[in-house]
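This report refers to the structure that appears directly beneath it.
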Amino acid sequence: LLVRPGASAELRSNVSLSSISLENGSYLLVSGDVLTGALTLKGGSQIYVTGTLIVRFFVKFFGGSSFLSSPGSIIRISRVIDGSEDDGDDFTFDLNGAVVLDF
């Protein structure tokens, strides 16, 4: 799934995707149960999880991106790659649900 710059998308149902990529300034709402191999968030992009998100291989963040979740959400991540070193900006985690990090 590719969310283009400035675009918004929502995943409401149970879905399995090989990868999810959010381009600059894009937004993704995950309100269903989503399984993906890889998740990439580029500058200024934002993901908000109210459902379940399982990332099997890695999450890669670039500067200015945000990863947010609501109470009651479930997130499982196996690896985080910090791409913000390349551009000098920080990324934001604000997780309020259950989080499992399988590092």
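Values reported hereafter were calculated over all heavy atoms of this structure, with side chains retained and with hydrogens, waters and symmetry mates removed. Please read all numbers here as calculations on a predicted model, not as lab measurements. The chain is numbered in sequence order, starting from 1.
- How far CZ of F67 is from CG of D94: 11.0 Å, rounded to the nearest 0.5 Å.
- There is a path of hydrophobic side-chain contacts, each under 4.5 Å, that joins V55 to V99.
- Each salt bridge (charged side-chain N to carboxylate O under 4.0 Å, His left out) pair with one or both residues in residues 6-17, not counting sequence neighbours, appears once here: E10-R12.
- Summarising the geometry of G97 relative to S69, their closest heavy-atom pair is N-OG, 3.6 Å, with the distance given to 0.1 Å.
- In terms of the side-chain contact (heavy atoms from CB on, under 4.5 Å) criterion, residue partners of L2 (sequence neighbours excluded) are, by chain and number, R4, S21, E23.
- In terms of hydrophobic clustering, with Ile, Leu, Val, Met, Phe, Trp and Tyr side chains grouped at heavy-atom distances under 4.5 Å, L29 and I75 are assigned to different clusters.
- In terms of the side-chain contact (heavy atoms from CB on, under 4.5 Å) criterion, F57 has no residue partners (sequence neighbours excluded).
- In this structure, R56 has no side chain to side chain donor-acceptor pair (under 3.5 Å) partners at least two apart in sequence or on a different chain.
- Counting heavy atoms from C-beta on, the side chains of V3 and Y27 never come closer than 4.5 Å.
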Acceptor/donor pairs from residues 41-54 side chains to any protein atom, 3.5 angstrom cut, sequence neighbours excluded:
unit_1, atom_1, unit_2, atom_2, d
S45, OG, K42, N, 3.2
S45, OG, K42, O, 2.6
T50, OG1, V30, O, 3.3
T52, OG1, D33, OD1, 3.2

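- Scored by the side chain to side chain donor-acceptor pair (under 3.5 Å) test, S18 finds no partners at all (sequence neighbours excluded).
- Taking 4.5 Å as the limit, every side-chain heavy atom of L1 sits out of range of all side-chain heavy atoms of T36.
- Hydrophobic clustering places V59 together with L17 (ILVMFWY residues linked when any side-chain heavy atoms are closer than 4.5 Å, directly or through intermediates).
- A continuous path of Ile, Leu, Val, Met, Phe, Trp and Tyr side chains, each step under 4.5 Å between heavy atoms, connects L22 with V80, placing both in one hydrophobic cluster.
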